[in-house]
Amino acid sequence: MKRRPLIAGNWKMNGSRKGASVLAQSIHDGLSGARADVALCPPFVYLDAAMEASLPMLAYGAQDVSAHDDGAYTGEISAAMLADMGCKYVIVGHSERRQYHGEVDTLIAAKAGKAIASGVVPIICVGETLAQREAGLTAEVIAAQIAASVPEAATGANIVIAYEPVWAIGTGLTATTAQISEVHAQIRGLLEKRLADGGVLRIIYGGSVKAENAREILALADVDGALVGGASLKAESFLAIINAVGD
Ligand code: PGA
(Lines give C-alpha, C1' and ligand atoms only; values in the text may rest on other atoms or scores of the structure.)
Protein backbone atom coordinates (compact mmCIF):
# COMPACT_ATOMS: atom_id res chain seq x y z
CA MET A 1 0.00 0.00 0.00
CA LYS A 2 1.33 3.45 -0.84
CA ARG A 3 0.69 5.96 1.93
CA ARG A 4 0.86 9.70 1.28
CA PRO A 5 4.26 10.77 2.60
CA LEU A 6 4.67 13.39 5.32
CA ILE A 7 7.65 15.70 5.33
CA ALA A 8 7.79 17.55 8.64
CA GLY A 9 10.26 20.29 9.51
CA ASN A 10 11.29 20.41 13.17
CA TRP A 11 12.67 23.90 13.65
CA LYS A 12 13.63 23.15 17.27
CA MET A 13 14.63 26.28 19.24
CA ASN A 14 15.65 28.38 16.26
CA GLY A 15 14.59 31.51 14.46
CA SER A 16 12.77 34.74 15.12
CA ARG A 17 9.24 36.02 14.61
CA LYS A 18 10.08 37.65 11.29
CA GLY A 19 12.23 34.69 10.22
CA ALA A 20 9.42 32.22 10.92
CA SER A 21 7.03 34.11 8.71
CA VAL A 22 9.58 34.53 5.89
CA LEU A 23 10.64 30.86 6.01
CA ALA A 24 7.03 29.60 5.92
CA GLN A 25 6.24 31.91 3.02
CA SER A 26 9.33 30.85 1.03
CA ILE A 27 8.60 27.17 1.56
CA HIS A 28 5.03 27.69 0.46
CA ASP A 29 6.08 29.68 -2.60
CA GLY A 30 8.49 26.92 -3.61
CA LEU A 31 5.98 24.07 -3.39
CA SER A 32 4.79 22.99 -6.75
CA GLY A 33 2.35 20.11 -6.77
CA ALA A 34 4.09 18.40 -3.85
CA ARG A 35 3.55 14.65 -3.66
CA ALA A 36 3.66 14.83 0.12
CA ASP A 37 1.92 16.44 3.05
CA VAL A 38 4.21 19.16 4.36
CA ALA A 39 4.19 20.28 7.98
CA LEU A 40 6.18 22.99 9.73
CA CYS A 41 6.88 22.70 13.47
CA PRO A 42 8.13 26.08 14.68
CA PRO A 43 8.71 27.00 18.33
CA PHE A 44 5.32 27.54 20.07
CA VAL A 45 5.72 31.32 20.15
CA TYR A 46 6.26 31.56 16.40
CA LEU A 47 3.43 29.28 15.33
CA ASP A 48 1.17 32.23 14.61
CA ALA A 49 3.92 34.05 12.67
CA ALA A 50 4.49 30.96 10.53
CA MET A 51 0.73 30.67 10.02
CA GLU A 52 0.23 34.39 9.36
CA ALA A 53 -0.06 34.24 5.62
CA SER A 54 -2.50 31.29 5.95
CA LEU A 55 -0.66 29.20 3.45
CA PRO A 56 -3.08 26.57 2.16
CA MET A 57 -0.52 23.95 1.14
CA LEU A 58 1.14 23.78 4.54
CA ALA A 59 0.14 22.07 7.77
CA TYR A 60 1.52 23.00 11.16
CA GLY A 61 2.72 21.18 14.21
CA ALA A 62 4.15 21.92 17.65
CA GLN A 63 7.27 20.35 19.13
CA ASP A 64 5.74 19.22 22.42
CA VAL A 65 2.45 19.18 24.33
CA SER A 66 1.33 18.87 27.92
CA ALA A 67 0.07 15.57 29.35
CA HIS A 68 -2.60 17.58 31.21
CA ASP A 69 -5.85 19.12 30.02
CA ASP A 70 -5.71 22.57 31.67
CA GLY A 71 -5.09 24.28 34.96
CA ALA A 72 -2.10 24.99 37.17
CA TYR A 73 0.74 23.69 34.99
CA THR A 74 3.05 26.67 34.59
CA GLY A 75 4.77 26.78 31.22
CA GLU A 76 2.72 23.99 29.67
CA ILE A 77 0.69 24.13 26.45
CA SER A 78 -2.33 21.83 26.10
CA ALA A 79 -3.39 19.78 23.13
CA ALA A 80 -6.67 21.72 23.01
CA MET A 81 -4.66 24.95 22.70
CA LEU A 82 -2.68 23.47 19.81
CA ALA A 83 -5.91 22.43 18.09
CA ASP A 84 -7.29 25.92 18.72
CA MET A 85 -4.16 27.40 17.06
CA GLY A 86 -4.74 25.27 13.98
CA CYS A 87 -2.04 22.66 14.59
CA LYS A 88 -2.58 19.37 12.83
CA TYR A 89 0.46 17.64 14.33
CA VAL A 90 2.59 17.61 17.45
CA ILE A 91 5.97 15.95 17.92
CA VAL A 92 6.08 13.90 21.14
CA GLY A 93 8.94 11.97 22.70
CA HIS A 94 11.67 13.55 20.59
CA SER A 95 15.02 12.20 21.78
CA GLU A 96 16.06 15.70 22.89
CA ARG A 97 13.07 15.70 25.25
CA ARG A 98 13.80 12.15 26.39
CA GLN A 99 17.48 13.07 26.93
CA TYR A 100 17.37 16.60 28.34
CA HIS A 101 13.95 16.67 30.00
CA GLY A 102 13.81 13.14 31.37
CA GLU A 103 10.72 12.17 29.36
CA VAL A 104 9.81 8.51 29.66
CA ASP A 105 7.52 6.33 27.57
CA THR A 106 4.52 6.57 29.92
CA LEU A 107 4.62 10.38 29.82
CA ILE A 108 5.00 10.30 26.04
CA ALA A 109 1.99 7.99 25.74
CA ALA A 110 -0.02 10.36 27.95
CA LYS A 111 0.96 13.34 25.78
CA ALA A 112 0.13 11.45 22.59
CA GLY A 113 -3.22 10.41 24.09
CA LYS A 114 -4.11 14.04 24.86
CA ALA A 115 -3.17 15.04 21.31
CA ILE A 116 -5.42 12.35 19.84
CA ALA A 117 -8.30 13.38 22.11
CA SER A 118 -8.01 16.93 20.72
CA GLY A 119 -7.81 15.82 17.10
CA VAL A 120 -4.08 16.58 16.81
CA VAL A 121 -1.90 13.85 15.28
CA PRO A 122 1.06 12.99 17.51
CA ILE A 123 4.33 12.27 15.72
CA ILE A 124 5.70 9.78 18.25
CA CYS A 125 9.50 9.54 18.12
CA VAL A 126 11.47 6.41 18.92
CA GLY A 127 15.12 5.54 18.40
CA GLU A 128 18.15 3.90 19.92
CA THR A 129 21.36 5.53 21.17
CA LEU A 130 24.74 4.64 19.72
CA ALA A 131 25.61 2.61 22.83
CA GLN A 132 22.38 0.64 22.48
CA ARG A 133 23.03 -0.03 18.77
CA GLU A 134 26.59 -1.11 19.44
CA ALA A 135 25.39 -3.44 22.19
CA GLY A 136 22.98 -5.09 19.73
CA LEU A 137 19.94 -3.78 21.58
CA THR A 138 18.26 -1.78 18.80
CA ALA A 139 15.32 -4.12 18.19
CA GLU A 140 14.69 -4.51 21.90
CA VAL A 141 14.79 -0.76 22.57
CA ILE A 142 12.47 0.01 19.66
CA ALA A 143 9.99 -2.70 20.69
CA ALA A 144 9.88 -1.38 24.26
CA GLN A 145 9.43 2.23 23.13
CA ILE A 146 6.68 1.32 20.69
CA ALA A 147 4.89 -0.83 23.27
CA ALA A 148 4.92 1.87 25.94
CA SER A 149 4.79 5.20 24.10
CA VAL A 150 1.97 4.48 21.65
CA PRO A 151 -1.27 5.25 23.55
CA GLU A 152 -4.37 3.07 23.84
CA ALA A 153 -6.38 5.37 21.59
CA ALA A 154 -3.96 5.04 18.67
CA THR A 155 -5.11 3.94 15.23
CA GLY A 156 -3.12 3.74 12.02
CA ALA A 157 -4.64 7.05 10.93
CA ASN A 158 -4.44 9.18 14.08
CA ILE A 159 -0.71 8.83 14.84
CA VAL A 160 2.57 9.00 12.95
CA ILE A 161 5.70 7.20 14.14
CA ALA A 162 9.12 8.79 13.59
CA TYR A 163 12.15 6.51 13.73
CA GLU A 164 15.08 8.69 14.70
CA PRO A 165 18.30 6.94 15.71
CA VAL A 166 19.67 9.25 18.41
CA TRP A 167 23.19 8.99 17.03
CA ALA A 168 22.03 10.31 13.65
CA ILE A 169 20.29 13.45 14.91
CA GLY A 170 22.16 16.65 14.14
CA THR A 171 25.41 14.72 13.72
CA GLY A 172 25.61 14.42 9.96
CA LEU A 173 25.62 10.63 10.42
CA THR A 174 22.70 8.99 8.64
CA ALA A 175 21.58 5.44 9.21
CA THR A 176 22.20 3.24 6.19
CA THR A 177 19.23 2.33 4.05
CA ALA A 178 19.53 -1.25 5.36
CA GLN A 179 19.40 -0.05 8.98
CA ILE A 180 16.42 2.20 8.25
CA SER A 181 14.53 -0.53 6.38
CA GLU A 182 15.12 -3.05 9.12
CA VAL A 183 13.76 -0.83 11.91
CA HIS A 184 10.83 0.52 9.86
CA ALA A 185 9.79 -3.02 8.97
CA GLN A 186 10.03 -4.01 12.62
CA ILE A 187 7.86 -1.05 13.70
CA ARG A 188 5.30 -1.80 11.00
CA GLY A 189 5.18 -5.45 12.04
CA LEU A 190 4.64 -4.54 15.70
CA LEU A 191 1.90 -2.02 14.96
CA GLU A 192 0.15 -4.08 12.31
CA LYS A 193 -0.39 -6.64 15.02
CA ARG A 194 -1.68 -4.08 17.46
CA LEU A 195 -3.72 -1.69 15.27
CA ALA A 196 -6.57 -2.91 13.12
CA ASP A 197 -5.68 -0.38 10.41
CA GLY A 198 -1.89 -0.61 10.85
CA GLY A 199 -1.47 -0.69 7.08
CA VAL A 200 -2.30 3.03 6.79
CA LEU A 201 0.16 4.05 9.52
CA ARG A 202 2.85 6.47 8.39
CA ILE A 203 6.36 5.71 9.66
CA ILE A 204 8.78 8.50 8.90
CA TYR A 205 12.56 8.62 9.27
CA GLY A 206 14.59 11.36 10.94
CA GLY A 207 18.28 11.94 11.54
CA SER A 208 20.44 14.09 9.28
CA VAL A 209 18.04 13.89 6.33
CA LYS A 210 19.24 16.35 3.69
CA ALA A 211 18.86 17.06 0.01
CA GLU A 212 21.73 14.68 -0.83
CA ASN A 213 20.33 11.59 0.89
CA ALA A 214 16.57 12.22 0.84
CA ARG A 215 15.88 10.47 -2.46
CA GLU A 216 17.26 7.08 -1.46
CA ILE A 217 15.73 7.20 2.02
CA LEU A 218 12.28 8.26 0.82
CA ALA A 219 12.27 5.53 -1.83
CA LEU A 220 12.43 2.75 0.80
CA ALA A 221 9.30 0.61 1.03
CA ASP A 222 8.41 1.25 4.67
CA VAL A 223 9.50 4.89 4.78
CA ASP A 224 6.54 7.25 4.53
CA GLY A 225 8.32 10.54 4.85
CA ALA A 226 10.87 12.38 6.94
CA LEU A 227 11.23 14.41 10.10
CA VAL A 228 13.83 17.01 9.22
CA GLY A 229 15.74 19.17 11.69
CA GLY A 230 18.70 21.22 10.45
CA ALA A 231 17.81 21.02 6.76
CA SER A 232 14.30 22.37 7.43
CA LEU A 233 15.65 25.76 8.51
CA LYS A 234 16.38 26.87 4.95
CA ALA A 235 13.67 26.88 2.31
CA GLU A 236 16.03 25.63 -0.39
CA SER A 237 17.18 22.51 1.44
CA PHE A 238 13.72 21.71 2.83
CA LEU A 239 12.14 22.09 -0.62
CA ALA A 240 14.80 19.82 -2.13
CA ILE A 241 13.80 17.12 0.37
CA ILE A 242 10.10 17.59 -0.40
CA ASN A 243 10.88 17.39 -4.11
CA ALA A 244 12.79 14.14 -3.61
CA VAL A 245 9.53 12.35 -2.79
CA GLY A 246 8.55 9.86 -5.43
CA ASP A 247 11.45 10.71 -7.73
P1 PGA B 1 18.39 16.61 12.08
O2 PGA B 1 17.24 16.50 13.21
O3 PGA B 1 17.68 16.51 10.75
O4 PGA B 1 19.01 17.97 12.31
O5 PGA B 1 19.32 15.48 12.30
C6 PGA B 1 16.16 15.62 13.07
C7 PGA B 1 15.28 15.71 14.28
O8 PGA B 1 15.80 15.89 15.39
O9 PGA B 1 14.04 15.62 14.19
Side-chain angles (χ1 to χ4, degrees), residues 5-15 19-20 23 27 36-44 46-47 50 58-65 87-103 108 111-112 115 120-130 132-133 138 141-142 145-146 149 159-177 179-180 183-184 187 202-218 220 223-245:
L6 169 65
I7 308 293
N10 175 8
W11 294 2
K12 307 193 181 183
M13 196 170 71
N14 290 297
L23 180 54
I27 291 166
D37 292 337
V38 178
L40 308 183
C41 305
F44 286 129
Y46 298 144
L47 269 166
L58 292 174
Y60 294 88
Q63 299 172 17
D64 186 29
V65 66
C87 283
K88 186 163 179 194
Y89 301 98
V90 60
I91 299 168
V92 296
H94 189 280
S95 68
E96 286 152 14
R97 296 216 58 89
R98 291 178 185 260
Q99 235 178 312
Y100 308 137
H101 302 272
E103 294 201 2
I108 293 159
K111 289 181 171 195
V120 178
V121 173
I123 300 174
I124 303 169
C125 302
V126 297
E128 80 288 359
T129 63
L130 187 57
Q132 289 165 336
R133 176 162 284 275
T138 300
V141 168
I142 297 296
Q145 289 179 344
I146 290 290
S149 54
I159 64 166
V160 170
I161 300 289
Y163 169 53
E164 298 204 306
V166 178
W167 49 273
I169 296 177
T171 57
L173 298 172
T174 321
T176 64
T177 51
Q179 290 169 328
I180 298 171
V183 177
H184 279 236
I187 294 171
R202 292 190 289 189
I203 305 172
I204 65 178
Y205 171 79
S208 299
V209 176
K210 40 190 185 272
E212 297 75 37
N213 59 22
R215 187 160 290 115
E216 64 169 3
I217 294 172
L218 293 169
L220 298 172
V223 174
D224 307 306
L227 182 53
V228 185
S232 73
L233 294 172
K234 290 216 162 64
E236 195 190 11
S237 48
F238 193 53
L239 286 165
I241 293 169
I242 296 164
N243 289 330
V245 171

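As the structure lists them, so they are numbered: ligands from 1, and atoms in each ligand from 1. Owing to the predicted nature of the structure, the values given are computational and were not obtained by experimental measurement.
Sorted by chain and number, the heavy-atom contacts of ligand 1 below 4.0 Å come from N10, K12, H94, E164, A168, I169, G170, G207, S208, L227, V228, G229, G230.
Electrostatic pairing of K88 and D37 does not count as a salt bridge here, judged by no charged N lying under 4.0 Å from a carboxylate O.
Rounded to the nearest 0.5 Å, atoms CD1 (I161) and CD1 (I187) are 6.5 Å apart.
The shortest distance between side-chain heavy atoms of D64 and F44 falls below 4.5 Å.
Looking at L23, L233, V38 one by one, the single match for side chain to side chain contact (heavy atoms under 4.5 Å, CB included) with F238 turns out to be V38.
Proximity of a side-chain donor or acceptor of Q63 to a complementary backbone N or O of C41 within less than 3.5 Å is detected.
For the side-chain contact (heavy atoms from CB on, under 4.5 Å) test, residues two or more places apart in sequence or in another chain that qualify with A115 are V90, V120, P122.
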